[in-house]
Novice: 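Here it is, the structure, as structure tokens.
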Amino acid sequence: MTQADCLFCRIVAGEIPSNQVAETEISLAFRDINPVAPQHVLVIPKRHVADSLADLDDPWVLADLVQLAREVAKGDEFAGGWRLVTNIGADGGQTVPHLHLHLLGGRKMKWPPG
Ligand code: 5GP
Ligand code: ZN
């Protein structure tokens, strides 16, 4: 499932360039264009299976996303720790309606988040 007007579907299709970090058959990891931490990687399903975690039908997709994030986080840049976040809807701060995880690292994270 690909949505022609979806930013992340267009990144998967190569229509919009991205700085790719890693991938599985199901998932793609690439650097966020507007990083909020020294390390900021987005992990998305290659297929547009859901707008957000709230409407995901197949939990195995989430398992693959988390596993890929864990693999990326094995890099030295994440040695101090990291955070895995998914924003859902307007109140959650979501701006791109294609399921994605934010892998953040390279600095001490604040808690609670803003
Ligand atoms: P959200 O706000 O939906 O949780 O996360 C969307 C993320 O996508 C934001 O952190 C934003 O910086 C990132 N983003 C938006 N447009 C692009 C783009 O064209 N390329 C990349 N690599 N990231 C993008
Ligand atoms: Zn999409």
Side-chain angles (χ1 to χ4, degrees):
M1 194 187 320
T2 299
Q3 296 192 356
D5 57 349
C6 170
L7 179 67
F8 287 174
C9 284
R10 294 186 69 200
I11 284 177
V12 172
E15 293 169 16
I16 296 172
S18 67
N19 194 340
Q20 301 190 2
V21 176
E23 66 179 325
T24 68
E25 198 179 326
I26 294 168
S27 306
L28 177 68
F30 57 96
R31 297 200 180 279
D32 196 292
I33 204 169
N34 186 22
V36 300
Q39 301 297 324
H40 188 168
V41 174
L42 298 171
V43 186
I44 73 170
K46 292 177 179 174
R47 284 159 46 91
H48 193 119
V49 291
D51 287 356
S52 80
L53 195 59
D55 68 322
L56 179 64
D57 291 328
D58 180 1
W60 291 105
V61 172
L62 180 61
D64 196 85
L65 294 174
V66 171
Q67 186 58 19
L68 184 56
R70 293 176 66 225
E71 288 297 324
V72 174
K74 286 178 180 169
D76 290 344
E77 309 86 352
F78 293 92
W82 43 282
R83 182 172 288 175
L84 197 56
V85 183
T86 189
N87 300 327
I88 299 160
D91 281 2
Q94 185 176 13
T95 58
V96 177
H98 176 133
L99 173 63
H100 54 281
L101 307 182
H102 296 260
L103 171 62
L104 303 167
R107 67 164 167 81
K108 186 159 176 56
M109 302 292 151
K110 296 190 184 83
W111 189 262

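The basis for the numbers below is simple: all heavy atoms, side chains too, and nothing from hydrogens, waters or symmetry mates. Indexing begins at 1, ligand by ligand and atom by atom, following the structure's order.
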Novice: Does some side-chain heavy atom of P59 sit less than 4.5 Å from a side-chain heavy atom of L56?
Specialist: no
Novice: Of all the non-hydrogen atoms in the protein, which one sits nearest to atom 5 (O) of ligand 1, and at what distance?
Specialist: H100 NE2, 2.9 Å
Novice: To the nearest 0.1 Å, how far is atom 23 (N) of ligand 1 from its closest protein heavy atom, and which atom is that?
Specialist: I33 N, 3.3 Å
Novice: Checking side chain to side chain contact (heavy atoms under 4.5 Å, CB included) against L62, which of L53, L99, T86 comes through?
Specialist: L53
Novice: Determine, using the 4.5 Å side-chain heavy-atom cutoff (strictly less than), whether M109 and V85 are members of one ILVMFWY cluster.
Specialist: yes
Novice: Which residue and non-hydrogen atom of the protein lie closest to atom 11 (C) of ligand 1, and at what distance in Å?
Specialist: D32 OD1, 3.4 Å
Novice: Among all protein heavy atoms in this structure, tell me which lies nearest to atom 8 (O) of ligand 1, with the distance rounded to 0.1 Å.
Specialist: F8 CZ, 3.5 Å
Novice: If you group Ile, Leu, Val, Met, Phe, Trp and Tyr by side-chain heavy-atom gaps below 4.5 Å, do V66 and V49 land in one group?
Specialist: yes
Novice: Just verifying a value: how many Å separate D64 CG and S27 OG, rounded to the nearest 0.5 Å?
Specialist: 3.5 Å
Novice: Test of understanding: given a 4.0 Å heavy-atom threshold, classify the contact between L42 and ligand 1 as side chain, backbone, both, or neither.
Specialist: side chain
Novice: Of all N, O or S atoms in H48, identify the one at the shortest distance from the Zn ion (ligand 2).
Specialist: ND1
Novice: Suppose the criterion is ring pair (Phe, Tyr, Trp, His ring centres under 6.0 Å): which pairs have a residue in residues 13-40, not counting sequence neighbours?
Specialist: F8-F30, H40-H102
Novice: Checking contacts here: is it the side chain or the backbone of L7 that comes within 4.0 Å of ligand 1, counting heavy atoms only? Could be both or neither.
Specialist: side chain
Novice: Evaluating non-hydrogen atoms only, which member of D51, V36, T95 is closest to atom 2 (O) of ligand 1?
Specialist: T95
Novice: Within ligand 1, which atoms have a heavy atom of N34 less than 4.0 Å away?
Specialist: 12 (O)
Novice: Report the nearest protein non-hydrogen atom to atom 22 (N) of ligand 1: residue, atom name, distance rounded to 0.1 Å.
Specialist: R31 O, 2.9 Å
Novice: With heavy atoms under 4.0 Å as the rule, classify the contact between I11 and ligand 1 as side chain, backbone, both or neither.
Specialist: side chain
Novice: Taking only non-hydrogen atoms of S18, do any sit less than 4.0 angstrom from ligand 1?
Specialist: no
Novice: Of all the N, O or S atoms in H98, which one sits nearest to the Zn ion (ligand 2)?
Specialist: ND1
Novice: Can you pull out every ring pair (Phe, Tyr, Trp, His ring centres under 6.0 Å) where at least one residue sits in residues 72-97? Sequence neighbours excluded, please.
Specialist: none
Novice: Are any of the side-chain heavy atoms of R47 and C9 separated by less than 4.5 Å?
Specialist: no
Novice: Of the side chain and backbone of V96, name the one, both, or neither that has a heavy atom under 4.0 Å from an atom of ligand 1.
Specialist: both
Novice: CG/L28 to CD/E23 distance, rounded to the nearest 0.5 angstrom?
Specialist: 6.0 Å
Novice: Pairs of nitrogen or oxygen atoms closer than 3.5 Å, one from H102 and one from ligand 1: do any exist?
Specialist: yes
Novice: Can you tell whether the side chains of E25 and K46 come within less than 4.0 Å, N to carboxylate O?
Specialist: no
